[in-house]
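Notes follow once the structure below has been shown.
Residue indices begin at 1 and follow the sequence shown.
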Amino acid sequence: MTQPSVDQAYLAKRQLRKGTAGWLLLAGLGVSYVISGDFAGWNFGIAEAGWGGFAIAACLMAMMYLALVLALAEMSAAIPAAGGGYSFARQAMGPAGGYLTGLAVLIEYALAPAAIVIFIGSAVESLLGINGPLVYLLFYAVFIGIHLAGVGEALKVMMVISGLAVFAILATAVALIGNFDSANLFDIAPTDAAGASTFMPYGWYGIWAALPFGMWLFLAVEGVPLAAEEAKDPARDMPKGIIAAMLFLLFTALLVVVLLAGSAGAEMIGQSGVPLVDALNVSGNPTLATLVNVLGLAGLVASFFSIIYGYSRLVFALSRAGYLPKPLSLTSERKVPYLALIVPGVFGFLVSLSGEGDLILGMAVVGATLSYALMALSHILLRVKQPDLPRPYKTPGGVVTSGVALVLSLVALTGVYAFDPRAFNYTIVLFIAGAAYYFLYSKNKLVAKTAEEEFALVTAAPEEVDISEPVPAAAKL
């Protein structure tokens, strides 16, 4: 009996389940990544900039995300690999550029669940009176366990949880719309800051410092392409899914930013830990406020659950390519990358023990903005270097659109420094350490020498791999 080649054996142990997600599930995944941001966090931007200043910051970040999503829609249809931004950057900028982009995304996706589980603990405490490491451990264990059961099952659970969170936002909007008063948007007295006015009470600096909070309304929607290898028809489903998710998130962001401050007052909403709940209580809807308080936990869980999915697919892709230790890309009989789920989960749980949710979240945002700049640059370089690359979907505006995303992502990065220099500095140190790992060690362990060679391996089923030529020695476990 002929022994399978190293190629065949290597890939056979690293297969995701194809054809699991259509565009609707992908759109649901995109909404799920982000939906917790509508419940809390964004509103602290009002405390930094006033309602008008925050509205400007949020519009700038909405423009950045929309431009980035349109660029990602093109690249994910043309290069449907589980690495998402990493895969696009490797094609455009080579192994080092690919790894650095993947590293930035990994910082975001490994740290964000740790921050969210701390917020989940606070929500559980308000409802049940318990909090702390055991709560964090329980949520990590349960939701990683659901992912281990299989991607189809996990995405269906995610859709149900996200649906509850969306219901809470829509019900809140319906309840508050009758209490809207535009005067409530401008109830913060102007300061003596440069450019301060009734519209922007904290001036121009406030807008700059509020940019990270504007991002919180959309943070992580860029993770949809991480599901590319599990999509039914990537060329059609990826653009439809990520664009539909972004448009829906623009709608929910508009609802919460305008209606909450317009009904309860910008000053109160800017200080609130649970803005939807407080706005409903002020407006005389205590019963709905209690329900939304419970469903707010569903929003946090939806983002926690889906970002765990995202980091597992990124770690899987980076490991399969040799950037990270190769055992991390092994998949189970259910085609689930089990170590890529568990190992970052253990890391995230340990980080969560610090209890510093705001700091961890700030670090995740720094990783995100770095990755956005690199992904936008990848789109520009692919258009220049590979104009003939088959593109089932083309970004409206081409490199002008991705250029807007690039510039605004760099501006957003400086905004994180303006708000929290500690988070900025810690993340840069983490990024440098991760880069050193590649340049000192893993660059010599890559499975494929070029992006084209790697993509050919990814798209080939194990039985289709040419067994006449063995894979490079670096691919061996």
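Under the 4.5 Å side-chain criterion, counting only non-hydrogen atoms from C-beta, I243 is in contact with Y393. With a 4.5 Å cut-off on side-chain heavy atoms, I307 and I116 count as touching.
Residues Y323 and Y86 bring their aromatic ring centres within 6.0 Å. Ring centroids of F305 and H147 are separated by less than 6.0 Å, placing the two rings close together. In this structure, F424 has its ring center closer than 6.0 angstrom to the ring center of Y417.
With sequence neighbours excluded, the residues satisfying salt bridge (Lys or Arg N to Asp or Glu O under 4.0 Å) with E74 are R383, R391. For E356, the salt bridge (Lys or Arg N to Asp or Glu O under 4.0 Å) partners at least two apart in sequence or on another chain are R422.
Considering every non-hydrogen atom in both A77 and A235, the closest pair reads CB-O, 3.7 Å.
No more than 12 heavy atoms of other residues, nucleotides or ligands sit less than 6.0 Å from atom CD1 of I177. In this structure, L128 places its CG atom where more than 12 heavy-atom neighbours from other residues, nucleotides or ligands lie under 6.0 Å away.
One distance of note links OG of S122 with CG of L297; it measures 11.0 Å at 0.5 Å rounding. Rounding to the nearest 0.5 angstrom, the gap separating the CE atom in M61 from the CG atom in L66 is 12.5 Å. Interatomic distance, S371 OG to Y109 OH, rounded to the nearest 0.5 Å: 8.0 Å. Note that CG of L259 and CG of N179 are 10.0 Å apart. Values are rounded to the nearest 0.5 Å. Distance check: D192 CG to Y202 OH gives 11.5 Å after rounding to the nearest 0.5 Å. Remark: S263 OG to L280 CG distance equals 7.5 Å, nearest 0.5 Å.
Residue pairs meeting the ring pair (Phe, Tyr, Trp, His ring centres under 6.0 Å) criterion with at least one partner in residues 164-195, sequence neighbours excluded, are W51-F186, F186-F199. Every pair passing ring pair (Phe, Tyr, Trp, His ring centres under 6.0 Å) that includes a residue from residues 347-374 is listed here, sequence neighbours excluded: Y65-Y372. For the ring pair (Phe, Tyr, Trp, His ring centres under 6.0 Å) condition, no pair includes a residue of residues 240-270, sequence neighbours left out. Annotation: side-chain hydrogen bond (donor to acceptor under 3.5 Å, both in side chains) contacts involving residues 128-143, sequence neighbours excluded, comprise E125-N131.
Between the side chain of S303 and the main chain of L300, no donor-acceptor pair closer than 3.5 Å is present. When atom types are taken as modelled, the side chain of D237 and the backbone of D233 share a donor-acceptor pair closer than 3.5 angstrom.
Donor-acceptor pairing under 3.5 Å is recorded for the side chains of H379 and T395. With no hydrogens or angles considered, a side-chain donor-acceptor pair links S272 and D278 at under 3.5 Å.
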* Given ring pair (Phe, Tyr, Trp, His ring centres under 6.0 Å), test W216 with F213 step by step and report yes or no. => CA-CA 5 Å; W216 193 230; F213 299 99; 9.3 Å; no

